[in-house]
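No hydrogens, no waters, no symmetry mates; every other heavy atom, side chains included, goes into these values.
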Amino acid sequence: MSQFPLPVTQIAQLLGVPEEALRALMAERGNKPGDPTLVGLTVEEAARRLGIGRTKMYEYVSSGEIRSVKIGSLRRIPAEAVGEFLARRHRATDFDAAA
């Protein structure tokens, strides 16, 4: 079985990042799963989950492409918003391919 059981090539394409960069990020993290109990992610944590930079994540948050909330002075991204964002991007990619 591959070291990376996920379809890394497809994920990298959906995110618009080079596959090698995504694989390097995954290798850097190793087997550290993070805290699966977190329901509100920082922008940096959400960006890391997607394998993108925090600047790009801030762009998505500012444009409303990915949901976020303010808690006091803190900005948090609901953990499920990361998956929703990917699903929307995936559907958009499928639609564009069919056109």
Trainee: Looking only at non-hydrogen atoms, find the nearest pair between Leu50 and Met57 and report the distance.
Mentor: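 Looking at all heavy atoms of both residues, the shortest contact is CD1-CE, 3.3 Å.
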Trainee: Does Glu65 pair with Arg89 as a salt bridge, N-O distance under 4.0 Å?
Mentor: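 Counted as a salt bridge, because a side-chain N and a carboxylate O are separated by less than 4.0 Å.
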Trainee: With rounding to the nearest 0.5 Å, note down the distance linking CD1 in Ile66 to CG in Leu86.
Mentor: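 Between Ile66 CD1 and Leu86 CG, I get 8.0 Å after rounding to 0.5 Å.
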Trainee: Output a table of donor-acceptor pairs, distance under 3.5 Å, between side-chain atoms of residues 75-83 and any protein atom two or more places apart or on a different chain; print 'none' if there are none.
Mentor:
unit_1: Arg75; atom_1: NH1; unit_2: Ser68; atom_2: OG; d: 3.0
unit_1: Glu80; atom_1: OE2; unit_2: Arg67; atom_2: NH2; d: 3.4

Trainee: Would you say the side-chain atoms of Ser62 pair up with the backbone N or O of Glu59, donor to acceptor, closer than 3.5 Å?
Mentor: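 Between the backbone of Glu59 and the side chain of Ser62 there is no qualifying donor-acceptor contact (under 3.5 Å).
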Trainee: Side-chain heavy atoms under 4.5 Å apart, restricted to Ile/Leu/Val/Met/Phe/Trp/Tyr: what other residues fall into the cluster of Ile71, or is it alone?
Mentor: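 So far as hydrophobic clustering goes, Ile71 is joined with Val69.
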